[in-house]
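Before any comments, here is the structure.
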Amino acid sequence: MFEKVIKINMMSTVAIGLVMLYLGKFLRTKVKFFQRFCIPAPVIGGFLFSLIHLILKTQNLASFEMDTTLKDPFMMVFFTSIGLGADIETLKKGGKGFFVFTAVTGLLIILQNFLGMFLAKILKQNVLFGLACGSITMAGGHGTAGAWGPTLESLGLVSGQVISMAAATFGVIMGSLIGGPLGSSLIRRYNLKSNDLKKDQIDLEENGVLRIPLGEKRGQIPSELKGEDFLKTLLIMFIAISIGVIVNKIIAKNIFIEGTPLNLPEYVVSMIIAGLYVNTLGKNKIYKIDKRANDICGDIGLNIFLVVALITLDLTQLKSVFGPMLIILFAQTFAIILFAYFIVFRIMGKNYDAAVLAGGLCGFGMGATYNAMANMDSITSEYGSSRKAYFIVPMVGAFALDIINVVAITFFAQLKF
């Protein structure tokens with residue numbers, strides 16, 4: 001038997017990725033496990049392809065050599081859309097609870113990175129291995145994992161991309177498992193009751209973004225989206241990305257930490273520039289972008305970037321680190337349970353809303369915003385609604401979480417234990 005190498009160009013790579021994305025969507029409607037744990041369609045389809053590739057490669061039948069040229073551009077679009085969505089005025093509407101929950105989330109991110117790197121050191125692994133099993137994949141989810149995987153490899157972590165994606169998948173499953181039971185146990189223990197008169201009917205997209213844009217009134221008919229809305233959004237995105245690349249090179253040449261150049265992933269600076277734009281020029285009616293167009297562009301960017309990253313994984317690289325990875329990831333699971341139960345619940349007020357928020361934190365603290373919303377749905381469907389939690393969690397998960405996480409990861413990546 002011999003292994004045949006099949007070379008696939010960049011357009012065909014994206015085409016295969018999209019086929020697997022829609023296969024993932026189909027399987028999600030048919031398999032209750034995927035629905036119960038809110039496994040994203042790109043993850044389902046992408047890992048399925050990786051498993052098929054693993055079988056073909058280990059049996060010396062065939063292997064694929066894919067051109068991933070288009071992966072990074074789609075990644076840049078996704079993260080830049082986060083920056084364009086970080087409107088400070090909108091964030092202020094979350095009130096004190098939003099800022100307190102954001103601070104708590106920041107504390108969790110620091111804890112995850114410290115714990116991951118500390119355990120990696122004890123297990124005699126590269127500390128970057130611990131960072132890959134820290135907030136990059138726990139609070140960051142698959143999007144951040146896919147973005148930072150290549151960076152970790154460039155910093156010296158072998159198989160950083162594969163490790164990150166596998167850890168993120170573990171997080172998504174565990175985050176969905178623990179959130180509902182944790183919130184429910186707090187409600188029962190303290191005999192908590194919902195303060196809302198009736199269940200809040202908040203419509204959610206699959207990715208956890210509110211269908212009704214924040215600030216718009218219910219019953220108000222939104223204006224029709226036009227091609228011009230998308231063109232304007234893409235124009236601002238590409239300008240922010242272009243400036244970000246230039247600024248990033250300047251930073252690498254002029255800023256050093258203990259003699260080592262500060263190497264930031266390119267999307268970080270672009271995301272910051274996009275955030276500056278939306279809070280300055282972007283407030284002017286002429287330069288203002290449509291938030292719905294931005295969300296759609298970001299959603300397309302994330303789905304294509306994620307599925308392409310997953311179909312190109314080489315799962316054989318996990319063999320040597322599987323044991324240490326499980327030790328760190330189960331430690332992260334235990335840590336977030338304690339953190340949500342004893343810290344988040346108390347800081348957020350020890351009331352019904354706090355219990356729902358604690359359950360939600362387990363979702364995006366080990367997965368993504370849609371996991372958090374699913375956790376809260378399971379709690380509120382049984383015990384009553386929590387408008388406060390349903391407003392704060394999407395806000396923190398969609399905007400603040402990624403920005404704080406990027407800063408924290410960048411800092412920890414420079415540390416040498």
Side-chain angles (χ1 to χ4, degrees), residues 37-38 96-120 122 130-141 144-145 167-168 170-190 192 325-376 378-379 386 388-389 392-397 400-405 407-409 411-412:
F37 296 112
C38 302
K96 180 181 176 181
F98 165 78
F99 293 103
V100 173
F101 196 66
T102 298
V104 168
T105 301
L107 181 60
L108 173 65
I109 287 171
I110 293 172
L111 173 65
Q112 287 179 336
N113 288 329
F114 180 80
L115 178 61
M117 297 176 81
F118 175 73
L119 289 177
I122 291 177
L131 187 59
C133 296
S135 74
I136 288 179
T137 55
M138 298 295 96
T144 306
F170 177 94
V172 166
I173 295 172
M174 295 305 296
S176 298
L177 270 174
I178 64 178
L182 184 142
S184 299
S185 65
L186 284 169
I187 291 170
R188 290 193 299 270
R189 178 178 179 181
Y190 294 98
L192 303 174
M325 180 190 295
L326 284 182
I327 292 173
I328 296 176
L329 293 178
F330 276 113
Q332 293 283 14
T333 304
F334 185 62
I336 199 172
I337 290 173
L338 295 178
F339 186 83
Y341 198 94
F342 293 105
I343 296 178
V344 176
F345 177 63
R346 284 162 173 74
I347 289 179
M348 296 309 298
K350 291 186 69 174
N351 53 25
Y352 181 80
D353 292 326
V356 178
L357 284 168
L361 181 88
C362 293
F364 71 61
M366 290 195 74
T369 304
Y370 43 74
N371 291 84
M373 304 309 293
N375 285 349
M376 294 194 301
S378 67
I379 297 170
S386 171
K388 181 178 180 179
I392 291 176
V393 168
M395 294 278 285
V396 176
L401 173 66
D402 289 296
I403 296 172
I404 295 172
N405 201 17
V407 175
I409 295 168
F411 171 78
F412 277 92

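By convention here, the first residue in the shown sequence is residue 1. Heavy-atom basis, side chains included; hydrogens, waters and symmetry copies ignored.
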Minimum heavy-atom distance Thr144-Ile136, with the two atoms named | CB-O, 3.5 Å
So which heavy atom on Gly349 is nearest to which on Ala354, and how close?
-> N-CB, 4.1 Å
Give the intermediate values and the outcome of side-chain contact (heavy atoms from CB on, under 4.5 Å) for residues Phe170 and Thr137.
-> CA-CA 9 Å; Phe170 177 94; Thr137 55; over 6 Å; no
Are the aromatic rings of Phe412 and Phe114 close, with centres under 6.0 Å apart?
-> no
Tightest non-hydrogen contact, residues Leu192 and Ala355, listed as CD1-CB, 4.0 Å
Heavy atoms of Ala408 and Ile109 approach each other most closely as CB-CG2, 3.5 Å
Can you measure from OH (Tyr341) to CG (Leu361) and round to the nearest 0.5 angstrom?
-> 15.5 Å
Going from CZ on Phe364 to CG on Leu108, what distance comes out if it is rounded to the nearest 0.5 angstrom?
-> 8.0 Å
Rounded to the nearest 0.5 angstrom, the CE-CD1 distance for Met117 and Ile122 is 13.0 Å
Paired with Phe345, the ring-ring contact (aromatic ring centres under 6.0 Å, His included) test is passed by just one of Phe101, Tyr190, Tyr352, namely Tyr190
Heavy atoms only: give me the nearest Ile404-Gly106 pair and the separation to one decimal.
-> CG2-CA, 3.9 Å
Are any of the side-chain heavy atoms of Met174 and Leu329 separated by less than 4.5 Å?
-> no
Report the C-alpha separation of Met348 and Val100 in whole Å, then their side-chain angles, then the decisive distance to 0.1 Å, and conclude whether the side-chain contact (heavy atoms from CB on, under 4.5 Å) test is met.
-> CA-CA 7 Å; Met348 296 309 298; Val100 173; 3.6 Å; yes
One should read off an interatomic distance between Leu186 CG and Ile379 CD1, to the nearest 0.5 angstrom, of 8.5 Å
Student check: side-chain heavy atoms of Met138 and Ile336 closer than 4.5 Å = no
Which atoms form the tightest heavy-atom contact between Asn375 and Cys362, and what is the distance?
-> ND2-C, 4.1 Å
Could you tell me the separation between the CZ atom of Phe339 and the CZ atom of Phe342, rounded to the nearest 0.5 Å?
-> 13.0 Å
Check for a donor-acceptor pair, side chain of Asn405 on one end and backbone N or O of Ser135 on the other, with a separation under 3.5 Å.
-> yes
Working to the nearest 0.5 Å, report the span between CG of Leu115 and CD1 of Ile110.
-> 13.5 Å
Backbone N or O of Gln112 within a donor-acceptor pair of the Gln332 side chain at under 3.5 Å?
-> yes
